[in-house]
Amino acid sequence: LTSEKPNVFCAGLDIKEFFQKSPEHVSQFVEKVLDMWLALYSSRLVTMAAINGHAPAGGCLLALSCDYRIMAEGNFRMGLNETQLGLVAPFWLRQMMIDAIGYRQAEMALMRGDMIPSDTAVQLGLVDKLAPMEEIQTVAEEE
């Protein structure tokens, strides 16, 4: 799983889909997100994210849903920054973060809405490996 857009793996969910919409619309939107997450997270295939740029919120969700995560070296960040928008990550997303980096680190990152730099992300276990941007696809294919 990767992006064709330079420097952005996934910018996250479209927040406008939540505001000033009918409850039915929001419910359908959330259901589609959950369906996407379950399909990726529960896939019988081994899944890999080649994170070739920033991955806030929904981008972090996509990456965490994969079995293996490689992130581009450099000034890229990844995290669940929902609290910076006045939102709270759902319990199942918080649990994936806890599973990746541990309870206390996840608690602090979620509370602050941290966007974690790539070098710190690999140290914490949020990603498994770093690779140069121009090699990320090749490294992912070799893994």
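Side-chain atoms are counted along with the backbone in the values below, which use heavy atoms only and exclude waters and symmetry mates. Note that the numbering runs from 1 along the sequence shown for the chain.
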Requested in this report: Name all residues meeting the side-chain hydrogen bond (donor to acceptor under 3.5 Å, both in side chains) criterion together with Lys129; count only those two or more places apart in sequence or in a different chain, and write none if there are none.
Outcome: Glu143
Query - Lys5, NZ atom: more than 12 neighbouring heavy atoms under 6.0 Å - result: no
Report summary line: Sorted by chain and number, sequence neighbours left out, side chain to side chain contact (heavy atoms under 4.5 Å, CB included) with Gln105 holds for Ile101, Leu124
Query - ring pair (Phe, Tyr, Trp, His ring centres under 6.0 Å) partners of Phe29, counting only residues at least two apart - result: Phe18
Query raised in the report: What closest approach, in Å, do Arg69 and Ala100 show between heavy atoms, and which atom pair accounts for it?
Result: NH2-CB, 4.0 Å
**Report entry** side chain to side chain contact (heavy atoms under 4.5 Å, CB included) partners of Ser43, counting only residues at least two apart
**Finding:** Leu45, Thr47
Query - Sequence neighbours excluded, every pair satisfying salt bridge (Lys or Arg N to Asp or Glu O under 4.0 Å) that has a member inside residues 109-124 - result: Arg112-Asp114
Query raised in the report: Under a 4.5 Å side-chain heavy-atom rule over Ile, Leu, Val, Met, Phe, Trp and Tyr, are Met78 and Leu87 clustered together?
Result: yes
Query raised in the report: Rounded to the nearest 0.5 Å, how far apart are CD of Glu134 and CD of Glu73?
Result: 8.0 Å
Query - Heavy-atom closest pair, residues Ala49 and Ala63 - result: CB-CA, 4.1 Å
Query raised in the report: What heavy-atom pair brings Gly74 and Ser118 nearest, and what distance separates the two atoms?
Result: O-OG, 2.9 Å
**Report entry** ILVMFWY cluster, Met115 and Leu13 together (side-chain gap under 4.5 Å)
**Finding:** no
Query raised in the report: Do Val88 and Val33 belong to the same hydrophobic cluster, where Ile, Leu, Val, Met, Phe, Trp and Tyr are linked whenever their side-chain heavy atoms lie under 4.5 Å apart, directly or via other members?
Result: no
Query - Heavy-atom closest pair, residues Pro56 and Cys10 - result: CD-O, 3.2 Å
Query - Cluster companions of Met111 among Ile, Leu, Val, Met, Phe, Trp, Tyr (side-chain spacing under 4.5 Å) - result: Met108
Query raised in the report: Given a cutoff of under 4.5 Å between side-chain heavy atoms of I, L, V, M, F, W and Y, with clusters grown through shared members, what are the other residues clustered with Ile70?
Result: Met48, Tyr68, Ile136, Val139
Query raised in the report: Does Ser27 use its side chain to pair, donor to acceptor, with the backbone of Pro23 at less than 3.5 Å?
Result: no
Requested in this report: Treat each ILVMFWY residue as a node, draw an edge where side-chain heavy atoms are under 4.5 Å apart, and state whether Ile51 and Met97 are in one component.
Outcome: yes
Query raised in the report: Considering residues at least two apart in sequence or located in another chain, which fulfil the side chain to side chain contact (heavy atoms under 4.5 Å, CB included) criterion with Tyr41?
Result: Trp37, Ser65, Met96
**Report entry** Those residues that, when tested against Tyr103, pass side chain to side chain contact (heavy atoms under 4.5 Å, CB included) (two or more places apart)
**Finding:** Ile98, Glu107
Requested in this report: Enumerate the residue pairs fulfilling ring pair (Phe, Tyr, Trp, His ring centres under 6.0 Å) with a member in residues 119-143, sequence neighbours excluded, ordered by first and then second residue.
Outcome: none
Query - Residue pairs involving residues 84-95 (criterion side-chain hydrogen bond (donor to acceptor under 3.5 Å, both in side chains); sequence neighbours excluded) - result: Gln95-Asp99
Report summary line: Looking only at heavy atoms, the pair that brings Phe9 and Leu1 closest together is CE1-O, 3.6 Å
Query raised in the report: Would you say the side chain of Leu110 lies within less than 4.5 Å of the side chain of Glu82, judging by non-hydrogen atoms?
Result: no
Report task. Return the set of residues passing ring pair (Phe, Tyr, Trp, His ring centres under 6.0 Å) with Phe76 (not counting sequence neighbours), or none when no residue passes. Result -> His54
Query raised in the report: Taking atom CG of Leu61 and atom CG of Leu80, what is their separation to the nearest 0.5 Å?
Result: 8.0 Å
**Report entry** Exceeds 12 heavy-atom contacts within 6.0 angstrom, atom CG of Asp35
**Finding:** yes
Report task. Working to the nearest 0.5 Å, report the span between SG of Cys60 and CG of Asn81. Result -> 9.0 Å
Query raised in the report: Do you know the tightest heavy-atom contact between Ala121 and Ile116?
Result: N-CG2, 3.6 Å
